[in-house]
Amino acid sequence: MEFQSYASRTSHSAAIEIRTQEGDIVTIKLSELLENSQAELQAKQGNNNLSIFAESSSYSSSFSLSVEGDLNEEELKSINN
């Protein structure tokens, strides 16, 4: 009987901090995670061969926005641009 497995995990993240002229702070955080796994089982009994293969993947992402202070309408327009 032979068993093999493989797993990988990749993650990325970024954060942007914007400080307005009035001293307000806007922080934007982004992240993503990708996970993959594979497994294979092979068995032989007499003239019979058995092979089982399994694979799974998952992906997740997140976004957050925080504001320290009180943004006025002009600051919100500038950030959106």
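As the structure is a prediction and not an experimental result, all values here were calculated from the model.
- By the rule that hydrophobic residues join a cluster once side-chain heavy atoms approach within less than 4.5 Å of another member, I18 and I25 end up as members of separate clusters.
- Residue pairs meeting the salt bridge (charged side-chain N to carboxylate O under 4.0 Å, His left out) criterion with at least one member in residues 70-81, sequence neighbours excluded: E73-K77.
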In a table with atom names and distances, give each donor-acceptor pair under 3.5 Å that connects a side chain of residues 59-67 to protein atoms at least two apart or in another chain.
unit_1	atom_1	unit_2	atom_2	d
Y59	OH	E32	OE1	2.8
S62	OG	S31	OG	2.5

Quiz item: Checking side-chain contact (heavy atoms from CB on, under 4.5 Å) for the pair V26/L71: CA distance, chi angles, key distance, verdict?
Solution: CA-CA 9 Å; V26 178; L71 299 177; 3.7 Å; yes

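- Atom CZ of F53 has more than 12 neighbouring heavy atoms from other residues, nucleotides or ligands inside a 6.0 Å radius.
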For residues 38-52, tabulate all N or O donor-acceptor pairs below 3.5 Å that involve a side-chain atom, not counting sequence neighbours.
unit_1	atom_1	unit_2	atom_2	d
Q38	NE2	E55	OE2	3.2
E40	OE2	Q42	NE2	2.9

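- Closest heavy-atom contact between S11 and L33: CB-CD1, 3.9 Å.
- Checked against side-chain hydrogen bond (donor to acceptor under 3.5 Å, both in side chains), S5 has no partners two or more places apart in sequence or in another chain.
- The side-chain hydrogen bond (donor to acceptor under 3.5 Å, both in side chains) search around N36 returns S57, not counting sequence neighbours.
- Applying the salt bridge (charged side-chain N to carboxylate O under 4.0 Å, His left out) test to E35 and every residue at least two apart in sequence or in another chain returns R9.
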